[in-house]
Each structure stands twice: as C-alpha cells, then as structure tokens.
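First the structure, in the form of structure tokens, and then the observations on it.
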Protein chains: 2
Amino acid sequence: MNKPRARLTKREQLMKSALELFAKNGIHATGIDAIVERSGVTKKTLYAHFMSKEELVVAVLRQYDEQARNEIRRQVENGGKTARGRLLAVFDFAEKWFQQDDFYGCLFINAIGEFSEKSAPIRQICMEYKKSLKGYIRELCEQAGASNPQGLAEELGMLLEGATVTAQISQNPKTARIAKRVAKVLIDKGIPKVG
Amino acid sequence: MNKPRARLTKREQLMKSALELFAKNGIHATGIDAIVERSGVTKKTLYAHFMSKEELVVAVLRQYDEQARNEIRRQVENGGKTARGRLLAVFDFAEKWFQQDDFYGCLFINAIGEFSEKSAPIRQICMEYKKSLKGYIRELCEQAGASNPQGLAEELGMLLEGATVTAQISQNPKTARIAKRVAKVLIDKGIPKVG
DNA sequence: GTGTATGTATACTGATCTGTATACTTTATG
DNA sequence: CATAAAGTATACAGATCAGTATACATACAC
C-alpha cells in the first residue's frame, strides 16, 4: 500500500547520502560525520535508525542491490523484444550507466576490494548480487535458446564485469560498445541458428 | 651492479609488509601502525624512508607495477612459442595468479575503488599500469597478425579484467579458463588464417 | 490539549589515525 | 677505535574515528 511520500524520511536521507559517499570515496574512507553532515540529519538520529556503521553499510548495499536489479531488468525489457535483443540490451544499459556523472564503478566490486574476509556480511551481499545478475543473464540465454545457457551466461557476465572495470579506470563509456561487439560474437556462436 | 643481499633492507621489509596489507585489507583500512608492526621496523624508520603514508603507497604501487609487468611477460614468453600461443598464455598466467592463496583481486582495481579523485597520484599509477598491459597485449596481437590489433587488445584486456574481478568475487580460479575459451574465439575471429 | 515519538544541537568518551620528539643502541666505515 | 649514520623503544601531539550523553524542540496520536 506504500503511500508515496513527498519528502524523504530521515532514514531515506541517510541512506541516500551514505550511498553517494560510499560510491565516491569508498566505505572505509567515509566517516559517520560526513554522512551526517551531507544528509542534514543528526548523529543521534542516525544511531536511532542503525545500530552501527556496519548495519548502515549493509542496509545501503541491500537497497542498492534491489534497486539495481530492478533497474537493469526494466531497461533490458524495454531495450529488446527478442531474447537475443535483450541480451544485447544489457550492454546498452551498461553504456548509459557508465555515462552517468556519478559513475564510480560497481559499488559491489569496490566494496569487495575493501573487505576480503570471507565472513564479512558485506562480502556476502556482493556475492549474492553478482550471483543473481548472472542468474538473470542465464534466464535470458535460456529464452534465447542457447545450447549451453550457463556457459554463455558466465561468458557474458564476465564481459560485463570487464567492461565495468575498464570504464571505471579509463573513464570512457565506450567500453560498453566493445563488450557489446564481443557479446554479439559469443551469442551468435552460442545460440543455434533456426532454419 | 646491484649486489644481491641476503636479508631485506628495512625499506624492502616495509614495502613488502605494506603491499601484503594493502592487498588484503585495502589502503584506507591499513594503518601505519599495522605496517610497522608487521614489518618489525619502527615508525621512526618508516618516516625516515617515506615522507608520508601516501608516498609509501605510491612507492608500493610503483614497485608492484614493475614486478607485475615483468612477471606476466616472463610467464607469457615461457608459456607460448607462437604469438597466438602467447596471447592465450596470458590467461594461463591469470589462472595461476587466481590460485594463489594471497590473491585478493587486482591491487590496482581495488585501489581505484578507494580513490576516485582524478588528481590522486594513486589513480594515475593504476591507469598507467592498465595502459601498459593493454599495450603489451596489443604488441602480441600485432605479432600474431591481427587485422585490428588495437581492437583485439581492447577485447582481450577487458576479458582479463572481467576474469580477475569474477575470480575475486567467486573465489574460483576457473574463471580464467572461461576467459581463455572466449579469447580463443576472439583470436580466431580477429587473426586471418594463412593459406 | 497533552503526552510520547522523533528530531535537533552540542558536547563528550575512548580508541585510533598520521606524524613527531626524545633518548638510547647498534652498525658500518674511515 | 672513533665517529656518524641508521635503527630501536617509547611517549606524545593533534586530528579524526565510531558511538554516547544531555538538554531542548517539534510533531503527531489519543
């Protein structure tokens, strides 16, 4: 029933500011004070909503996870009518993403680089996200009639990661097109022609 | 004339310890005290060799840059006789790398995630490393007679980044083989057959 | 309207951060 | 052997870290 709200709640303000700072500067480099200052909310209120910084980080990553999943599905579904077209639309989505001013690479890849401990819940969330993304690509591969959907999905997923990291480093969104070019080759090879 | 030394100099001990900690825990999360403790060298000595933490970070990244360039060239040159074989050997190198116990992803990719400011010298070093690696791959592509060496190098470089990140996240070195499989397809397509 | 939730403002704690200072010890070299 | 460089040990300074405490203000439900 979620009635839409005009203004953001304090919680939403905090999570939005935290996300922006985590994405730009990393998690360890972002202090509570900076989040509090940017959000315009007091520290007391922050700790009324989140028990600790880690809980805030986890909440932000989870929310971003969900939003990113929805956004990619929405754009991919709009971007292609056939399953093959939707697979390629993944890389059109990537290009738009890379072009954003606030693109600082994949939040999850960056987070993994800061938390190597296997036990870290932050790592867990990142792994789940990537797993679900690969699952989605595999679904599209199945729908497209790939002879080995899992294998093709692994290839395309890896390609997307590579394009993301390369775009982050080179500050050049064209890497998405290079990846799309490769994707075409892999898709044509992995999906048997009909007729 | 570099006479080989039995024990490491203090400087080398510091850089070795710093590298290990940066790779495992990230740069921001690694304090000077931790580096000092691990290296068994006092803080005073550290600051006699490096003016600041940033200078130490830069020195460590530069040294790793050089070592990594040498190591990949060595292994690639040993791993294949033909230019095509050497291109594929890049991914054999990757597999060995991913299998190491102290593999925590690419140091440079992780560092970039912590320093988004374009002005940051750390970013600069990371960009240079990736540029030089792509340059090396392009050389191999030229030697292999690729019709578009630059384009093929971009594709293969991106693939390597993707494999690295995916191995880091999934903790599974087999991503190197997936990347190699894709590389074969791209190489066969990008290098005109003779005869 | 009146109390309770939730918020602000601000000061604080104790730990940790980068970097420095002081006093002593080892080590290499002429 | 004498001396200077380089290192140890340790304490410290000032900033910033995550998180808490106190006192006051606002907004909303009954």
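Residues passing the ring pair (Phe, Tyr, Trp, His ring centres under 6.0 Å) test with A:Y64 are A:F108, sequence neighbours excluded. Applying the side chain to side chain donor-acceptor pair (under 3.5 Å) test to A:K44 and every residue at least two apart in sequence or in another chain returns nothing.
Residues from residues 116-126 of chain A that place a heavy atom under 4.0 Å from any atom of DNA chain D: there are none. Using a 4.0 Å cut-off on heavy atoms, the residues of residues 31-42 of chain B that approach DNA chain C are B:G31, B:I32, B:D33, listed by number. Of the residues in residues 46-63 of chain B, B:Y47, B:S52, B:K53 come within less than 4.0 Å of DNA chain C through at least one heavy atom, sorted by number. Applying a 4.0 Å cut-off to non-hydrogen atoms, none of the residues of residues 20-29 of chain A approaches DNA chain C.
Counting non-hydrogen atoms of neighbouring residues, nucleotides and ligands closer than 6.0 angstrom, the CD atom of B:Q150 exceeds 12 such neighbours. In B:Q171, the CD atom is crowded: over 12 heavy atoms of neighbouring residues, nucleotides or ligands sit closer than 6.0 Å. Atom CD of B:E66 has 12 or fewer heavy atoms from other residues, nucleotides or ligands within 6.0 Å. Heavy-atom contacts from other residues, nucleotides or ligands closer than 6.0 Å to CD of A:E142 number more than 12.
B:E117 has no carboxylate O lying under 4.0 Å from a charged side-chain N of B:R123, or vice versa, which leaves the two without a salt bridge. With salt bridges taken as basic N to acidic carboxylate O contacts below 4.0 Å, none links A:R177 and B:E154. A salt bridge between A:E20 and A:R38 is present, with a side-chain N of the basic residue lying under 4.0 Å from a carboxylate O of the acidic one.
In this entry C:dA5 has no Watson-Crick or G-U wobble partner, no candidate having both defining distances under 3.5 Å. Here D:dT26 sits opposite no nucleotide as a Watson-Crick or G-U wobble pair (both hydrogen-bonding atom distances under 3.5 Å).
The interatomic distance linking A:K10 (NZ) with D:dA27 (P) rounds to 10 Å, in whole Å. Rounded to whole angstrom, the span from the NZ atom of B:K43 across to the P atom of D:dC12 amounts to 14 Å.
When the options B:R73, B:R69, B:Q75, B:Q67 are evaluated for a side chain to side chain donor-acceptor pair (under 3.5 Å) with B:E71, the one that passes is B:Q75.
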Item to complete: Evaluate side-chain hydrogen bond (donor to acceptor under 3.5 Å, both in side chains) for A:N110 paired with A:Q168, printing each intermediate quantity in order.
Response: CA-CA 11 Å; A:N110 292 346; A:Q168 179 183 10; 3.3 Å; yes
Discussion item. Could you go through B:W97 and B:I72, starting from their C-alpha distance and side-chain angles, then the distance that decides it, and tell me whether this counts as side-chain contact (heavy atoms from CB on, under 4.5 Å)?
Written reply: CA-CA 10 Å; B:W97 179 31; B:I72 192 170; over 6 Å; no
Discussion item. Determine whether B:T166 and B:I178 satisfy the following criterion, side-chain contact (heavy atoms from CB on, under 4.5 Å), listing intermediate values before the conclusion.
Written reply: CA-CA 11 Å; B:T166 307; B:I178 299 174; over 6 Å; no
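Annotated as syn: C:dA5, whose glycosidic dihedral is within 90° of 0.
Within the nucleic acid shown, B:K44 comes within 4.0 Å of at least one base atom, counting heavy atoms only.
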